[in-house]
Amino acid sequence: MSSNTAAAHDHTHDHTHDDHHGAPKGLLRWVFTTNHKDIGTLYLVFSLLMFLIGGGMALIIRAELFQPGLQLVNPEFFNQMTTMHALVMIFGAVMPAFVGLANWMIPMMIGAPDMALPRMNNWSFWILPFAFTMLIGTLFMPSGGPAGGWTLYPPLSLQTGNSFAFVIFAIHMLGISSIMGAINVIATILNMRAPGMTLLRMPLFVWSWLITAFLLIAVMPVLAGAVTMLLTDRFFDTTFFSAAGGGDPVMFQHIFWFFGHPEVYIMILPAFGIISEIIPTFARKPLFGYTAMVYATASIAFLSFIVWAHHMFTVGMPLGAELFFMYATMVIAVPTGVKVFNWVSTMWRGAMTFETPMLFALAFVILFTIGGFSGLMLAIVPADFQYHDTYFVVAHFHYVLVTGAVFAIIAAAYYWLPKWTGNMYNERLGKIHFWWSVISVNVLFFPQHYLGLAGMPRRIPDYAVQFADYNMISSIGGFAFGLAQLLFAFIVWQCARGGVKATAQVWEGAKGLEWTLPSPAPYHTFDEPPKIDDSVVAHGDVAH
Amino acid sequence: MNDPRPSGSGIRRTVVILAIIAVIIYLLFIAAGVFGYKDGA
Amino acid sequence: MKNQNIVIVSIAVLAGMLLAVWGMFALGDNMPRGVTEFSQTAYDLHMLILWICVVIGVLVFGAMFVSIILHRKSNGVEAAQFTHSTKAEIAWTAIPILILILMAVPATRALILMETSEGAEMDIKITGYQWKWKYEYMDTGVSFISSLAQDSDIARQLNSGIDPTTVDNYLLEVDNALVVPTDTKIRLLLTSGDVIHSWWVPELGWKRDAIPGIVNTAWTSISEPGTYRGQCAELCGKDHGFMPVVVIAKPRAEFEQWLAQQPGYTGSDDVSALAQDTADDMTTSPEVALAD
C-alpha cells in the first residue's frame with residue numbers, strides 16, 4: 001500500500017496477504033481478511049445459511065400445524081422452534097444480510113477504499129458463527145433451548161434450564177457484533193466519503209444505513225441491559241422482574257420493546273434504501289423526492305423510540321399511556337406513506353423494464369404496504385385488544401419482514417450480484433424464483449390474517465378444528481415458499497461460478513459510483529478518490 | 001473538507017464517542033432496573 | 001390517444017382490484033361482532049380502518065399498476081425526468097394526517113369506554129396458572145379451577161390416534177366453565193400465580209394479561225345468553241395452547257340459582273350487593289403489587 005493510504009490500513013502493512021493486486025488464495029483468506037468485499041461476502045453467505053436454517057425451523061412449525069392434533073413434535077419442542085426461528089431469522093438472517101450489503105456497497109457508493117475499521121470489521125463478522133453455534137447448540141443441551149418466545153418475557157423465560165446462560169451469552173455476542181458493525185458504518189460514512197460526495201448527494205441506501213447504524217448503537221445496549229438483568233434474575237437471585245421480590249415483570253417488557261421497536265426499523269430502513277436504489281434504475285428516472293425520502297427515514301427512526309408500548313397494549317396501562325402510544329404509532333403512517341407515494345411517483349411516466357430485482361422491488365412496495373396497513377389497524381388500541389397475540393399479528397409482521405425486508409434483500413442480491421461476481425445471474429430462473437415466491441408467500445401468510453380474526457392465538461402447537469382449513473393452506477404455501485428459496489440459493493451459486501459476463505454498467509438505467517467500477521469489482525477500489533459530478537450521483541438533480 | 005483519505009484522528013474520535021454512548025446506554029438501562037426496585041419482600 | 005389509454009387502463013385496473021378486494025372478503029373469516037357493547041365497538045373500528053386501508057390501497061396500487069402497464073420501455077415511452085412536486089408532496093403528507101385524525105376520534109372514544117369499569121355490579125377474580133384458570137366470585141365463597149376438558153386432553157397428546165374432529169369443541173372445552181349473568185356489568189380482576197397469561201374471549205371483544213404480582217382490571221356486560229369460547233393468548237409454557245376459556249352467560253335469575261348451588265357458597269343472593277363491598281377495597285389501578 002502506498003504510504004499515504006488510510007491510517008486504518010497502515011496496520012495491515014505487514015500482512016502479505018493484503019495485497020494490492022488481488023485476493024489471496026486459500027481458506028485462511030476468509031479468516032484473516034480485512035477487505036470489505038470479502039467480509040461482505042462472508043456476511044451474505046452466512047446470512048443465506050441462517051435463512052435456510054431458520055426456514056427449516058419454520059417448516060417444522062408449519063408441518064406440525066398442517067392439521068389439528070399433535071403429529072410430529074411435542075409442545076416443548078414446538079415452543080423451542082418458534083423461539084429459535086425468530087432469533088435465527090432476526091439476528092442471523094436479516095441483520096447480517098444488511099450488514100453484508102453495507103460492507104460491500106457503502107465504500108463503493110461513497111468512493112472510499114474500504115471500511116474505516118477493517119480489522120474490527122473482521123471481528124464483528126467472526127463473532128457471529130460462534131454466537132450462533134452456541135445459540136443453536138442449546139437445542140441439544142439436556143434442558144433444551146429457550147422456549148419462552150424470542151421476546152424472552154419473564155417469568156416464563158426464567159423457567160428455561162441452564163442453557164439460558166448460553167442463550168444470553170449468545171445474545172450479548174450478537175449485540176457486540178452489531179454495535180461494532182454500526183460504529184464501523186458510521187465512521188466510514190462520516191469520515192471516508194470522496195471529495196464532493198456531500199451528505200445530500202449520498203445514495204439513499206447509504207443514508208438509510210447511516211440512520212440504521214445510529215438506531216443500532218442506541219438500542220443494542222438496551223437489549224444487552226435487559227438480558228443482563230434476566231441473567232442475574234435467573235442465576236444470581238436478583239428480582240428485577242419478579243414482583244415477589246419487589247421487581248416488576250412489566251418493566252422487562254418496556255425495556256425490551258424500547259429495544260424491540262427500533263429493532264424492527266433496523267430491519268426495514270436499509271430495505272427502504274435498497275428499494276430506493278432499484279426503482280429509479282429500472283424506471284430510468286431519478287428518484288422522486290430524494291430529500292423528502294431522507295427526512296422521512298429520519299422521522300421514522302425518531303418515531304421508533306416513542307412507540308414501543310404498542311407491542312403491549314394488553315398489559316393494562318393507564319388510559320393516558322394507551323392514547324399516547326396509539327397516536328404516536330398512527331403518526332408513523334405519515335412518513336411511511338411519503339416513501340410509498342414517492343416510489344410510485346418515481347415509476348410514474350418512467351420507462352420501466354422488469355428484470356428480477358425490479359420485480360422483487362415492486363412486490364416489496366405492494367406487500368410491504370399491506371403489512372403497513374395491518375400495522376395501522378394494530379395501532380388502534382380497542383381493535384388491538386382483539387388482534388393482539390393472534391395470527392393477525394403473525395401475518396402482519398411476516399408481511400413486513402418477509403415480503404418487506406427479505407424481498408428487499410433478495411432484490412439487492414439480484415441487483416448487485418453481477419457487480420460482485422462479474423457474471424449475470426440466470427434471468428429466466430430469477431423470474432421463476434420471483435413468481436414462485438410471490439405467489440407462495442401470499443398463500444403462506446394471507447390466510448393467517450383470517451386465522452387471527454377468527455380467534456387463533458399465536459405460538460400454539462395445536463388448534464381447534466375450525467382453524468384447520470386456513471392452517472393447511474398456509475402450510476402448503478410455507479413449503480412452496482421454502483422450496484423456492486432453495487432455487488434462489490442455486491441461482492446465486494450458479495452466478496458465482498460463471499455465466500454471461502456483466503458489463504461495468506450492468507443495468508441500462510443504473511447510476512452511482514459503484515457502476516463506474518468494472519464487473520466484478522476489483523479487490524481494491526477507489527484507492528484514488530473518484531471525481532464526483534452529476535453524472536455519477538445516483539439520483540441526478542442534486543439540487544433537490 | 002471531505003478528504004477521502006481518512007484522517008486517523010477523525011475516525012478515532014467517531015469510534016470513541018459512539019462506543020462511550022453505547023456503554024452509557026447499557027449502564028443507564030441497568031440503572032433503570034436497579035432504581036425500579038421497590039423494597040423487596 | 002394517450003389520455004384515452006390512461007382512462008381505459010385505469011378502469012380495468014380498478015375493476016381488477018375491486019374484484020381482488022371482494023375475493024378477499026368473500027374467502028375469509030372476519031372478527032366476530034360479539035355479544036358486548038365493546039366487542040361491537042371493536043368490530044366497527046376494525047371495519048372502519050379496514051375500509052379506509054382498502055380505499056387507500058386501491059388508489060395507490062391502482063396508480064402503480066396503471067404505471068406498470070403504460071410506462072414501460074417496451075411501449076416505446078421516453079422516461080420523464082421530474083424529481084419533485086411540492087404540491088403533491090404537501091397533499092400526500094396533509095391528507096393522511098387528516099385521515100388519521102378521523103380514525104383517532106372514534107378509537108379514543110372506544111378506549112375510554114373500555115377503561116371505565118366504574119359502576120360494576122359484581123366482581124370476579126381470575127387467576128392464571130400453568131395451565132388452568134381459577135375463578136373466584138368475590139365475597140360469595142365460590143371459587144373453582146377451570147382446565148381443559150378430559151376428552152380434548154387425551155386427544156391432544158402426541159400421536160394419540162384420536163381424530164380431533166371427533167372431539168366436541170376440541171381444545172375449546174373445559175371441565176368447569178365460568179358462569180356469569182347477562183346484562184350485568186361485571187368487573188374482572190386478572191392476576192397470575194406463576195407466569196404471564198392472557199385471558200381472551202373474542203366474543204367479549206378484548207383480552208387482558210394476567211400478570212403475577214399485578215391485578216389488572218377489565219369489565220364486560222354480555223347481552224345475549226350463550227356459551228362463549230376463547231383461549232390463553234400469551235405464551236405461558238408448554239401447554240399454552242391447552243388452557244381454554246369458556247364463559248356461559250345465563251339470565252340473571254338462572255345465574256343466581258346456579259351460584260347458590262355451588263359448593264362453599266356463603267354470600268348473599270343479591271349480586272348487586274356484592275359489588276358494593278368489594279368496590280371499596282379493590283383499587284381500579286392496574287399497578288397493585290400483591291406481594292407488598
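Letters A, B, ... are given to chains in the order of the sequence lines, protein chains preceding strands, and every chain is numbered from 1. Treat the numbers as computed from the prediction; the structure is a model and nothing was measured. Side chains included, hydrogens not; waters and symmetry mates left out as well; all remaining heavy atoms used.
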What part of A/Phe341 is in contact with chain C, defined as an atom under 4.5 angstrom from a non-hydrogen atom: side chain, backbone, both or neither? both
Measure distances from A/Phe77 to the heavy atoms of chain C and classify the residue's part below 4.5 Å as side chain, backbone, both or neither. neither
Look at the rings of C/Trp199 and C/Trp206 and say which category their plane angle falls in: under 30° parallel, 30 to 60° tilted, over 60° perpendicular. tilted
Chain A contact via C/Thr165 - which portion, at a heavy-atom distance below 4.5 Å: both
Honestly, the part of C/Trp200 sitting under 4.5 Å from a heavy atom of chain A is side chain
Honestly, the part of A/Ile380 sitting under 4.5 Å from a heavy atom of chain C is side chain
Please flag which part of A/Tyr327 lies under 4.5 Å from any non-hydrogen atom of chain C: side chain, backbone, both or neither. side chain
Distance only, no hydrogens: is a donor on one side chain within 3.5 Å (strictly under) of an acceptor on the other, for C/Ser39 and C/Thr36? yes
May I ask you to decide if C/Ala155's main-chain N or O and C/Ser160's side chain share a donor-acceptor pair within less than 3.5 Å? yes
Give, as side chain, backbone, both or neither, the part of C/Leu50 having an atom under 4.5 angstrom from any heavy atom of chain A. both
Contact origin within A/Leu451 toward chain C - heavy atom pairs under 4.5 Å: neither
Where does A/Phe354 contact chain C at under 4.5 Å (heavy atoms): side chain, backbone, both or neither? side chain
Should C/Glu115 and C/Arg109 count as an ion pair when the cut-off is N to O under 4.0 Å? no
Pairing of A/Asp384 and C/Lys207 as salt bridge, 4.0 angstrom limit: no
Once the angle between the rings of C/Tyr43 and C/His46 is folded into 0 to 90°, is it parallel (under 30°), tilted (30 to 60°) or perpendicular (over 60°)? tilted
If you measure from the Lys or Arg side-chain nitrogens to the Asp or Glu carboxylate oxygens, is any gap between A/Glu508 and C/Lys73 under 4.0 Å? yes
Side chain, backbone, both or neither: which part of C/Leu111 has an atom under 4.5 Å from a heavy atom of chain A? both
Cut-off 4.5 Å, heavy atoms of chain C, and the answer for A/Met326 is side chain
For the residue pair C/Ser152 / C/Glu173, report whether a side-chain donor-acceptor contact shorter than 3.5 Å exists. no
Tell me which of these, C/Met24, C/Glu78, C/Gln157, C/Glu89, has more heavy-atom pairs under 4.5 Å with chain A than the rest. C/Met24
Set out, in order, the CA-CA distance, both residues' side-chain angles and the distance that settles side chain to side chain contact (heavy atoms under 4.5 Å, CB included) for C/Ile99 and C/Ile52, then state yes or no. CA-CA 8 Å; C/Ile99 297 174; C/Ile52 291 174; 3.6 Å; yes
Does C/Arg156 make a cation-pi contact with C/Phe242, if we ask for NZ or CZ under 6.0 Å from the ring centre and within 45° of the axis? yes
Assert top hit (heavy-atom pairs under 4.5 Å, partner chain C, pool A/Leu323, A/Val365, A/Leu453, A/Ile370) equals A/Leu453
Heavy-atom pairs under 4.5 Å with chain A are the metric here; pick the option from C/Ser74, C/Gly205, C/Ala110 that has the most. C/Gly205
Chain C contact via A/Thr390 - which portion, at a heavy-atom distance below 4.5 Å: side chain
Region of C/Ile56 in contact with chain A, defined by heavy-atom distances below 4.5 Å: both
Taking side chain as everything from C-beta outward and backbone as N, CA, C, O, which of these in A/Glu76 sits under 4.5 Å from a heavy atom of chain C? Side chain, backbone, both or neither. both
Spell out, as yes or no, whether a donor-acceptor pair under 3.5 Å connects the side chain of A/Asn471 to the backbone of A/Phe66. no
A/Asp469 atom CG: more than 12 heavy-atom contacts under 6.0 Å: no
If you count heavy-atom pairs under 4.5 Å with chain A, which of C/Pro32, C/Gly28, C/Ala42 comes out on top? C/Gly28
Of the listed A/Ser242, A/Ala379, A/Ser345, the one with the largest count of heavy-atom pairs under 4.5 Å with chain C is A/Ser345
Per-residue tally against chain A (heavy atom, under 4.5 Å) across C/Leu48, C/Leu204, C/Leu158, C/Ile97 peaks at C/Leu158
Bottom line for C/Ala233: the part with an atom under 4.5 Å from chain A's heavy atoms is both
What part of C/Leu113 gets closer than 4.5 Å to chain A, counting heavy atoms only: side chain, backbone, both or neither? neither
Please determine, among C/Thr41, C/Asn75, C/Ile68, the option with the most heavy-atom pairs under 4.5 Å with chain A. C/Ile68
Could you tell me whether the side chain of C/Asp209 reaches within less than 4.5 Å of the side chain of C/Leu190, counting heavy atoms only? no
Using 30° and 60° as the class limits, which term best fits the ring planes of A/Tyr450 and A/Tyr470: parallel, tilted or perpendicular? tilted
Polar side chain donor-acceptor pair, C/Tyr170 to A/Asp462, under 3.5 angstrom: yes
Side chain, backbone, both or neither: which part of A/Asn79 has a non-hydrogen atom closer than 4.5 Å to chain C? side chain
Proximity of A/Phe446 and A/His449 rings by center, below 6.0 Å: yes
With a 4.5 angstrom heavy-atom cut-off, is it the side chain or the backbone of A/Val340 that approaches chain C, or both, or neither? side chain
Is it the backbone or the side chain of C/Leu172 that comes under 4.5 Å from a heavy atom of chain A, or both, or neither? side chain
Among side-chain atoms of A/Ser157 and A/Gln159, is any donor-acceptor pair under 3.5 angstrom? no
Could you tell me which portion of A/Pro154 (side chain, backbone, both or neither) has an atom closer than 4.5 angstrom to a non-hydrogen atom of chain C? backbone
Okay, C/Ile211 and chain A: the region with an atom under 4.5 Å from a heavy atom over there is side chain
Between C/Arg72 and C/Ser67, does any side-chain donor sit less than 3.5 Å from a side-chain acceptor? no
Considering only heavy atoms, which portion of C/Ile101 lies under 4.5 Å from any heavy atom of chain A: side chain, backbone, both, or neither? neither
Side chain, backbone, both or neither: which part of A/Pro68 has an atom under 4.5 Å from a heavy atom of chain C? both
Heavy-atom distance under 4.5 Å to chain C: side chain of A/Ala147, backbone, both or neither? backbone
If you count heavy-atom pairs under 4.5 Å with chain A, which of C/Gly76, C/Gly237, C/Pro96 comes out on top? C/Gly237
Donor-acceptor contact present, side-chain A/Thr346 to main-chain A/Phe288, <3.5 Å: yes
Who among A/Pro382, A/Pro155, A/Pro75 has the most heavy-atom pairs with chain C under 4.5 Å? A/Pro382
Measure C/Met114 against the heavy atoms of chain A and call it side chain, backbone, both or neither at under 4.5 Å. side chain
